[in-house]
There are 2 protein chains.
Amino acid sequence: MATGRTHRPASRSRGIPEATVARLPLYLRALTALSERSVPTVSSEELAAAAGVNSAKLRKDFSYLGSYGTRGVGYDVEYLVYQISRELGLTQDWPVVIVGIGNLGHALANYGGFASRGFRVAALIDADPSATGKITAGLPVRHTDELETIIRENQVSIGVIATPAGAAQEVCERLVAAGVTSILNFAPTVLSVPDGVDVRKVDLSIELQILAFHEQRKSGEEALAAAAEAADADGPGTRGKPEKSQKATPLAAPAKAAKAAVKAAVARKTGRSGPDGEVPAVMPA
Amino acid sequence: MATGRTHRPASRSRGIPEATVARLPLYLRALTALSERSVPTVSSEELAAAAGVNSAKLRKDFSYLGSYGTRGVGYDVEYLVYQISRELGLTQDWPVVIVGIGNLGHALANYGGFASRGFRVAALIDADPSATGKITAGLPVRHTDELETIIRENQVSIGVIATPAGAAQEVCERLVAAGVTSILNFAPTVLSVPDGVDVRKVDLSIELQILAFHEQRKSGEEALAAAAEAADADGPGTRGKPEKSQKATPLAAPAKAAKAAVKAAVARKTGRSGPDGEVPAVMPA
DNA sequence: TACTGTGAATCCATTCACAGCT
DNA sequence: AGCTGTGAATGGATTCACAGTA
């Protein structure tokens, strides 16, 4: 029972580095666009620009797949599309199930980008009996009771979890028990899976938080910089509600006291600390 | 005009590595859960398990933030929640706009995980006049014409793009021109933004493709291994439609010929190559 | 001439292992 | 005794820069 890894540890499958694998879909997308415009060949420079990477990286990536280019010319678009598709396993069809047909599951069911890349939505599954039977994206929503049957009858090996966090682990276990070995998890939870099962996660709010981090220090150079620096090892008192404003003191007091002070301030406000709305959060001293 | 970077190059903002920043939201989520259960302290081991990472990594990550733990004891949960929130900039409110209220935009608008972490959806924007005015997630959908006004009036610095791929770049430019400096992009396109603007992307189908890659070589050991190996530098003829089946020949022919052969085969079938359904894809020889 | 393919150099991230503190 | 914090070691990923080739 490994605890929620994102993908297999580090074991570059058949010698292709994970970082490279993660970029192949990007190249594929750019190449498909070129293919539609009937562009016969591209240079590493052009393709890299279209995919949003630099050309050295792209060439190194491709070198792991083989020598698919022509020196002095570039890469044959159709040929590369085929090679990358094959490498990614997209020349075969992958039946997937989507579990949890709420807002997000609904959006996923209707997302065109799956079908066009070899992923076939075999079934939509939801636990709410009142939702079952409804036709969504051309498919009837089926009840969780049928999960195992559906997986087995359709030979599904990839499952998408779009349930609330609380249901995710159980759904995950049932999927795995029924034969699923790859899971795409949209629920904000860490999933535990046995070895041999791959989990990838997409957390919408995490991406925003990372942006907020960077955003903070763009506008932050103004009022925050001094405080942030002075606070280095303890924390800037209370920001946004500048109570004591002892920030100018260039860290002479022992960290211990500062830490305790901040802790107290935190305990006092305990503003937003709940993950999904209102929260008690009574801390025992 | 830098071409679509995912985040700022490598310039670890204020010394915190990007990889660490990307994990802070994970820790925060785990800590918030503990906080709700009124757990006062955690060890690095416990917290790491809850966040799905290993404890050495977690300790190293926290060491970039400062010395927030107590040796022999662990970390104070509330205190850490506060410190990480502050580091991520979540102690302030971030107004965001969502552009493109299709299936996905709708799901994003209703997603509870934003509001609970300091992100306030300031407005929903769509280009379709027939959609405007509709109340979605408690907000009226507004027309793209109002984009600039909305951004400025609400001091929005973070924008979420959930439009079709074709509209994304234009929307992006308008957002940036109006003052947005961080963009979360769900459209399957590379966005070009000026320096100083951060873009993060979420591509639902890319994650599935990465899973497919790994999935392929789980079941792949049976029929595919031989072909894949023999084909090493050229490609395995045509898989799934085994026309010539010359795979057993242990690569004696020059790669040139093999490459041409595969190219021809590809040209012949040109099965699925379109990105979003049907595709002409007429390739000039 | 114009490009790919790739060793070598560099940079970043992870892991190890233990000193240091409570 | 039990845990954090962190230098040092390792391993991956990116970039450089150029030899090789159509």
Side-chain angles (χ1 to χ4, degrees), chain A residues 5-13 15-24 26-27 40-49 51-77 79-80 83 232-234 254-257 259-260, chain B residues 5-13 15-24 26-27 40-49 51-77 79-80 83 232-234 254-257 259-260:
Chain A
R5 283 165 297 103
T6 293
H7 47 67
R8 61 177 52 181
S11 64
R12 314 183 318 175
S13 310
I16 301 179
E18 264 303 309
T20 295
V21 172
R23 281 188 295 266
L24 292 182
L26 240 71
Y27 301 143
T41 59
V42 259
S43 68
S44 62
E45 201 68 58
E46 294 164 333
L47 182 53
V53 302
N54 75 43
S55 64
K57 200 187 285 185
L58 177 143
R59 287 201 303 277
K60 174 67 66 165
D61 283 343
F62 285 0
S63 80
Y64 293 115
L65 310 184
S67 285
Y68 292 157
T70 307
R71 291 169 204 238
V73 178
Y75 300 92
D76 182 284
V77 172
Y79 184 58
L80 248 194
Q83 291 298 349
D232 192 65
D234 56 63
K256 193 166 74 169
K259 213 182 276 188
Chain B
R5 283 165 296 103
T6 293
H7 47 66
R8 60 179 51 183
S11 65
R12 313 182 319 175
S13 309
I16 301 180
E18 265 303 311
T20 295
V21 172
R23 281 188 295 265
L24 292 181
L26 239 70
Y27 301 142
T41 58
V42 258
S43 67
S44 61
E45 202 69 57
E46 293 162 336
L47 183 53
V53 303
N54 76 43
S55 64
K57 201 186 284 185
L58 177 142
R59 288 201 304 277
K60 174 68 69 169
D61 283 344
F62 285 0
S63 80
Y64 293 115
L65 310 184
S67 285
Y68 291 156
T70 308
R71 292 169 202 237
V73 178
Y75 301 92
D76 182 285
V77 171
Y79 184 58
L80 247 195
Q83 291 298 350
D232 192 65
D234 54 64
K256 193 166 73 169
K259 213 182 277 191

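Below, chains carry the letters A, B, ... as their sequence lines are ordered, and counting in each starts from 1.
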(request) Determine, stepwise, if the pair A/Leu58 / A/Leu47 fulfils side-chain contact (heavy atoms from CB on, under 4.5 Å). (result) CA-CA 8 Å; A/Leu58 177 143; A/Leu47 182 53; 3.7 Å; yes

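For the atom pair CG of A/Asn54 and CZ of A/Arg59, the computed distance is 8.5 Å after rounding to the nearest 0.5 Å.
With sequence neighbours left out, the side-chain hydrogen bond (donor to acceptor under 3.5 Å, both in side chains) criterion links B/Thr41 to no other residue. Applying the salt bridge (Lys or Arg N to Asp or Glu O under 4.0 Å) rule to A/Arg23 yields the partners A/Asp61; only residues at least two apart in sequence or on another chain are considered. Every residue meeting the side-chain contact (heavy atoms from CB on, under 4.5 Å) condition with B/Ser43, not counting sequence neighbours, appears here in chain and number order: B/Glu45, B/Glu46. Judged as a ring-ring contact (aromatic ring centres under 6.0 Å, His included), and not counting sequence neighbours, the contacts of A/Phe62 are A/Tyr27, A/Tyr75.
Distance CG (A/Leu24) to P (D/dA13): 13 Å, rounded to an integer number of Å. C/dC3 atom C1' lies 11 Å from atom CD of A/Glu45, rounded to whole Å. Counting to the nearest Å, the C1' atom of D/dG5 and the CG atom of B/Leu80 are 14 Å from each other. Atom CZ of A/Arg23 and atom C1' of D/dG12 are 11 Å apart (whole Å). We find that CD of A/Glu46 is positioned 14 Å from C1' of C/dT4, with the value rounded to whole Å. D/dT4 atom P lies 10 Å from atom CZ of B/Phe62, rounded to whole Å. D/dT4 atom P lies 13 Å from atom OH of B/Tyr27, rounded to whole Å. Nucleotide D/dT4 holds its C1' atom 14 Å from the CG atom of B/Asp61, rounded to whole Å.
Using a 4.0 Å heavy-atom distance criterion, A/Tyr75 is classed as a sugar-phosphate-only contact.
At least one side-chain nitrogen or oxygen of B/Ser44 sits closer than 4.0 Å to the OP1 or OP2 atom of D/dT4.
Closest contact between the side chain of A/Ser43 and the listed nucleotides D/dG5, C/dC3, C/dG5 involves C/dC3.
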(request) Heavy atoms under 4.0 Å is the rule here; annotate nucleotides 15-22 of chain D 5' to 3' with B where the base is hit, S where only the sugar-phosphate is, and - elsewhere. (result) B-B-BBBS

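Under the 4.5 Å side-chain criterion, counting only non-hydrogen atoms from C-beta, B/Thr70 is not in contact with B/Asp76.
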